[in-house]
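Numbers here simply count residues along the sequence, with the first being 1.
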Amino acid sequence: MIQDLVSTIIPVYNRPMMLREAVASVLAQTWRPIEIIIVDDGSTDETVSVADGFAQSHPEIIRVLRQDNAGPGVARQQGLEFASGEFVQFLDSDDLLLPEKFALQIAGLRVDTEAQISYGKAYASELGVRGPSPAQRTGEVFRSLFPALLAEPLWPTMTPLYRRNFLDRVGPWPRARQLEDWVYDAQAGACGAKLQYVDAFIAETRNHGEQRLCQLWRGDDEALRERVAAHISVFAHARSADVPLSAPEFLRYARTLFWAAREAGRRGLAAEASALLDLARTIPQAKSWDIRLFAMGAKLLGWQRVSRLAGRVGR
């Protein structure tokens with residue numbers, strides 16, 4: 001591990017133009033020293049030559065790794081295994097860093113020596129237009145990931161900066177392609193991560209109009225199964241972090257599990273729907289009439305019929 005060095009890991013699959021912009025945003029950082037590890041996740045277009053071009057232009061900073069297409073989690077983990085920095089930045093090829101990001105976050109971590117992760121505000125842009133409000137919950141200050149993480153992911157993937165030695169405790173990235181960043185944050189939360197907050201915009205997540213992996217579950221049953229597994233994992237990590245089932249965030253999480261159970265049931269994934277509903281029913285304050293009625297209906301009518309009926313009633 002090289003002191004002061006920031007290792008940026010960029011997984012990429014068939015995003016040549018966006019890769020150029022993502023890498024440029026790292027090279028524009030006011031902080032030095034930096035290294036960039038591009039992990040090509042089996043690209044089949046000019047992304048390969050774009051990545052190689054960067055490595056040739058900046059051999060002292062940029063390295064390219066390659067793997068068969070396995071998803072961003074696997075790619076991030078491969079990059080992490082080759083990272084040499086005291087600090088680690090994960091950056092999807094869709095997104096951008098603002099120039100002062102590393103400088104601001106490292107300054108924060110130098111002062112707050114108990115914190116393992118620094119985060120700040122992120123812009124959310126829609127087809128090139130930045131929204132006025134911070135993305136997700138990056139405008140809010142948290143000292144720990146749980147229990148807030150139960151409600152929803154707190155930040156886009158490129159927002160945090162990590163101490164490298166802490167990531168050894170967190171463990172490897174999930175191999176899944178759905179919600180793997182949420183589960184990774186939950187792993188960090190179960191390790192007791194303390195957060196340091198930078199009250200400034202430091203990054204930008206972009207909705208570019210092209211399909212993203214996070215949208216595949218809508219038409220792909222295997223992707224939906226991965227989302228189910230992610231929900232179950234987040235629940236388990238929250239319990240490992242000693243979040244009591246009586247916490248208000250668990251009530252909201254129960255509603256999330258209930259919604260996911262209905263979606264899995266509607267798609268004919270009975271085992272997954274049953275696992276989610278059983279998990280929701282372990283949360284005492286979540287034993288509401290609609291969950292109990294849904295469970296009874298599933299036994300009488302089957303998962304698909306009761307899920308479709310519940311959807312019509314909900315609308």
Side-chain angles (χ1 to χ4, degrees), residues 4-12 15 18-38 61-62 72 76 79-80 83 85-126 128-145 148-149 152-164 166-167 170 181-182 184-185 188-189 193-208 212 214:
D4 296 331
L5 178 67
V6 180
S7 300
T8 299
I9 298 164
I10 307 177
V12 61
R15 291 274 194 270
M18 290 183 181
L19 177 63
R20 290 188 179 98
E21 295 168 347
V23 171
S25 78
V26 184
L27 294 174
Q29 290 296 302
T30 59
W31 180 268
R32 290 294 186 277
I34 62 172
E35 71 172 357
I36 301 172
I37 302 171
I38 300 171
I61 293 178
I62 300 178
R76 294 182 193 114
L80 184 59
E86 180 184 1
F87 304 98
V88 172
Q89 169 73 56
F90 296 108
L91 174 63
D92 290 350
S93 58
D94 310 84
D95 301 325
L96 302 172
L97 309 182
L98 301 189
E100 295 292 328
K101 185 180 195 293
F102 295 167
L104 290 171
Q105 291 182 289
I106 292 172
L109 290 171
R110 294 291 190 224
V111 172
D112 188 351
T113 56
E114 291 188 349
Q116 297 95 2
I117 303 173
S118 175
Y119 76 105
K121 298 175 185 176
Y123 288 111
S125 68
E126 189 78 21
V129 179
R130 284 177 176 171
S133 302
Q136 294 178 336
R137 303 187 72 178
T138 60
E140 302 175 54
V141 180
F142 300 99
R143 183 58 172 170
S144 59
L145 285 157
L149 191 63
E152 61 185 309
L154 302 187
W155 50 54
T157 307
M158 78 292 167
T159 309
L161 184 74
Y162 301 87
R163 295 189 194 272
R164 175 66 176 86
F166 176 66
L167 295 186
V170 172
D181 45 359
W182 192 23
Y184 192 70
D185 289 342
K194 289 184 172 59
L195 310 181
Q196 184 274 327
Y197 185 67
V198 172
D199 189 11
F201 281 95
I202 55 174
E204 179 179 346
T205 183
R206 300 188 291 175
N207 183 1
H208 41 71
R212 301 184 71 148
C214 61

What closest approach, in Å, do [X] and [Y] show between heavy atoms, and which atom pair accounts for it?
X	Y	result
R32	L27	NH2-O, 2.8 Å
K101	A203	CE-CB, 4.2 Å
T138	A122	OG1-N, 3.1 Å
G189	L145	N-CD1, 3.5 Å
I202	G120	CD1-N, 3.4 Å
A124	A135	CB-CB, 3.9 Å

Checklist entry - Where do M158 and L97 land on the side-chain contact (heavy atoms from CB on, under 4.5 Å) test, with the steps shown first? => result CA-CA 8 Å; M158 78 292 167; L97 309 182; 4.1 Å; yes

Within the distance-only criterion (no hydrogens, no angle test), does the side chain of [X] pair as donor or acceptor with the backbone N or O of [Y] below 3.5 angstrom?
X	Y	answer
S25	L96	no
Q29	L98	yes
R164	V88	no
Q116	K194	yes

Item to check | Residues D4 and R110 bridged, charged N to O under 4.0 Å | outcome: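 Yes, charged N to carboxylate O under 4.0 Å.
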
Checklist entry - Under the side-chain contact (heavy atoms from CB on, under 4.5 Å) criterion, do R76 and D92 qualify, and how do the steps go? => result CA-CA 9 Å; R76 294 182 193 114; D92 290 350; 2.9 Å; yes

About how many Å separate [atom2] of [Y] and [atom1] of [X], when rounded to the nearest 0.5 Å?
X	Y	atom1	atom2	result
I37	I9	CD1	CD1	5.0 Å
D95	N207	CG	CG	10.5 Å
R206	R130	CZ	CZ	10.0 Å
L19	S93	CG	OG	6.5 Å
E86	I106	CD	CD1	7.5 Å
L104	L109	CG	CG	11.0 Å

What I'd like to find out is whether the side chain of [X] reaches to under 4.5 Å of the side chain of [Y], using heavy atoms alone.
X	Y	result
L154	Q136	no
D181	F90	no
F87	R163	yes

Next on the checklist: Test side-chain contact (heavy atoms from CB on, under 4.5 Å) on W155 and D185; report intermediate values, then the result.
Outcome noted: CA-CA 10 Å; W155 50 54; D185 289 342; 3.1 Å; yes

Checklist entry - Without hydrogens or angle criteria, can the side chains of S118 and Q196 be said to hold a donor-acceptor pair below 3.5 Å? => result yes

Checklist entry - What residue among Y197, F201, Y162 forms ring-ring contact (aromatic ring centres under 6.0 Å, His included) with Y119? => result Y197

